[in-house]
Each structure stands twice: as C-alpha cells, then as structure tokens.
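Both counts, for ligands and for their atoms, begin at 1 and track the order of listing.
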Amino acid sequence: MDQRTYVMVKPDAVARGLIAQIIQRFEDTGLVIERLELGMVTRDQAAANYAEHEGKPFYEGLIDYITSGPVVKMVLRGPESVMVVRKLMGATNPRDAAPGTIRGDYGLVLDANVVHGSDSPESAKREIAIFFGE
Ligand code: UDP
Ligand code: MG
C-alpha cells in the first residue's frame, strides 16, 4: 500500500545546482511526486521539524543552516516510501554513506548533507503538516 513521505533538497544542494539530479534519483525508483515547492524554511518550521534535536550541540547550527537559503520541499508517494527514501539517501554522515546513495554521491560534510527524509510514517505525517499544512 502506498505511503507518503516528506523529502527536502537542502540549501547546500540547491545552491550547488543539484535539484534535478536529486529529484531524478527518487523518480527513477518509481516514487511519485505529489507536492513540490521551492522556497525558504521559516525558523518556526525548522524548529518544529527538528524538535527532537533541541538542546543538542548541533541544533542551533542546524536551524541556521536549513533556513539559510531556498530548499525544495516535496511529498513523495509509493510503497514503503519512508524506508525507500531513507535507503536512497544513505547514512546521515555523507562520509559514511555508501556510493550510489544520494548523500554518498553528492555530500562530504555532516552539517550539509544534501537531503532530508522523514524517519517514520508518523514523522512523515507531522512533517507534511509542517510544510504543506495538511
Ligand atoms: N546533524 C548535524 N550534526 C550532527 C548530527 C546531525 O549537523 O552531529 C544534522 C544533519 O544535517 C542531519 C540533521 O542534523 O541530517 C538531523 O539529524 P538526524 O540524526 O535526524 O539525521 P537524519 O535523520 O537527517 O539522517
Ligand atoms: Mg532524523
């Protein structure tokens, strides 16, 4: 059964001109784009999206970074889309991410790791509401 997930092309990847390549990776697997928008993330949206990390040493930097420039916000749909997207993205630290994954192929540093994807169906529902208000 189809599932929805929230995916974001992060500011570093947008600035580097990687939007098309990254979206292509998701479409290549058969995931369907349901919503797609280029725009800024507000500080409120960033704080809500990353609430689980509040208080951690990297939190302030993470909020500054994700609000620093335009991102591509997407809702992707497909069977097990949450798990499929996480697998396509690769490990959080691009240096640990396998070649062939998006972070492995396009990233080098942990704090600018190219792409975001919800980590569970519950997170997906919450994050879609934060960014698309539904
Ligand atoms: N992050 C960071 N430093 C860390 C851990 C995480 O800058 O030590 C950033 C990184 O951009 C990551 C985001 O915070 O994507 C959220 O961290 P999480 O552990 O939830 O990783 P993800 O779910 O994105 O793989
Ligand atoms: Mg996470």
Side-chain angles (χ1 to χ4, degrees):
M1 206 188 66
D2 276 7
Q3 187 179 67
R4 286 174 174 168
T5 190
Y6 178 71
V7 174
M8 201 155 39
V9 182
K10 292 185 171 183
D12 60 301
V14 172
R16 289 164 62 204
L18 297 174
I19 294 172
Q21 289 97 307
I22 291 169
I23 292 176
Q24 191 69 60
R25 298 290 186 103
F26 294 116
E27 285 196 302
D28 282 346
T29 68
L31 289 165
V32 173
I33 301 173
E34 260 195 12
R35 305 289 301 266
L36 178 70
E37 186 185 303
L38 177 79
M40 299 294 286
V41 171
T42 68
R43 290 193 77 87
D44 282 353
Q45 287 173 325
N49 189 60
Y50 288 120
E52 64 176 304
H53 297 303
E54 203 185 336
K56 293 182 187 171
F58 62 86
Y59 176 79
E60 292 298 336
L62 175 58
I63 301 298
D64 287 345
Y65 158 68
I66 203 69
T67 59
S68 67
V71 302
V72 176
K73 309 165 197 179
M74 286 181 280
V75 177
L76 300 184
R77 176 169 52 78
E80 302 286 343
S81 63
V82 171
M83 183 269 290
V84 168
V85 163
R86 296 287 294 190
K87 212 166 75 174
L88 280 174
M89 291 197 310
T92 301
N93 188 333
R95 291 199 285 262
D96 299 326
T101 66
I102 295 168
R103 285 166 169 169
D105 287 351
Y106 296 115
L108 272 178
V109 290
L110 174 57
D111 53 354
N113 61 357
V114 185
V115 71
H116 167 84
S118 308
D119 64 8
S120 69
E122 295 69 37
S123 298
K125 192 157 189 272
R126 198 175 60 83
E127 293 172 5
I128 290 167
I130 291 168
F131 293 101
F132 289 103
E134 51 182 75

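- Between Arg25 and Asp105, the closest side-chain pair of non-hydrogen atoms falls below 4.5 Å.
- Checked against a 3.5 angstrom limit, the closest N/O atoms of Lys10 and ligand 1 fall inside it.
- The nearest heavy-atom contact from the protein to atom 22 (P) of ligand 1 is Thr92 OG1, 3.6 Å.
- Atoms of ligand 1 lying under 4.0 Å from any heavy atom of Asn113, numbered from 1 in the order shown and given with element: 10 (C), 11 (O), 12 (C), 15 (O).
- Distances between N or O atoms of His116 and those of ligand 1 include no value under 3.5 Å.
- In the hydrophobic clustering, where aliphatic and aromatic side chains (Ile, Leu, Val, Met, Phe, Trp, Tyr) are joined below 4.5 Å either directly or transitively, Leu110 stands alone.
- With atom 1 (N) of ligand 1 as the reference point, the heavy atom nearest to it among Phe58, Tyr59, Tyr65 is part of Phe58.
- Inter-residue side-chain proximity for Arg4 and Val82 is flagged as unmet; no heavy-atom pair is nearer than 4.5 Å.
- The side-chain contact (heavy atoms from CB on, under 4.5 Å) check on Ala46 picks up Val41, Ile63, Ile66, Thr67, with sequence neighbours excluded.
- Note: no N/O pair closer than 3.5 Å links Tyr50 and ligand 1 by distance alone.
- With a 4.5 Å cut-off on side-chain heavy atoms, Val72 and Leu38 count as touching.
- Of all protein heavy atoms, the one closest to atom 14 (O) of ligand 1 is Leu62 CD2, 3.4 Å.
- Short contacts between ligand 1 and Asp111, defined as distances under 4.0 Å to a heavy atom of the residue, involve ligand atoms 7 (O).
- Protein heavy atom in closest approach to atom 23 (O) of ligand 1: Arg86 NH1, 2.9 Å.
- In this structure, Arg103 and Thr92 have side chains that are in contact, with non-hydrogen atoms separated by less than 4.5 Å.
- Using a 4.0 Å cutoff on heavy atoms, His53 counts as a contact of ligand 1.
- The closest approach between any non-hydrogen atom of Leu110 and ligand 1 is below 4.0 Å.
- The local environment of NZ in Lys87 is sparse, with at most 12 non-hydrogen atoms from other residues, nucleotides or ligands closer than 6.0 Å.
- With ligand atoms numbered from 1 in the order given, ligand 1 contributes 15 (O), 22 (P), 24 (O), 25 (O) to contacts under 4.0 Å with heavy atoms of Arg103.
- For the pair Lys56/Leu62, no side-chain contact is recorded, criterion being any heavy-atom separation below 4.5 Å from C-beta on.
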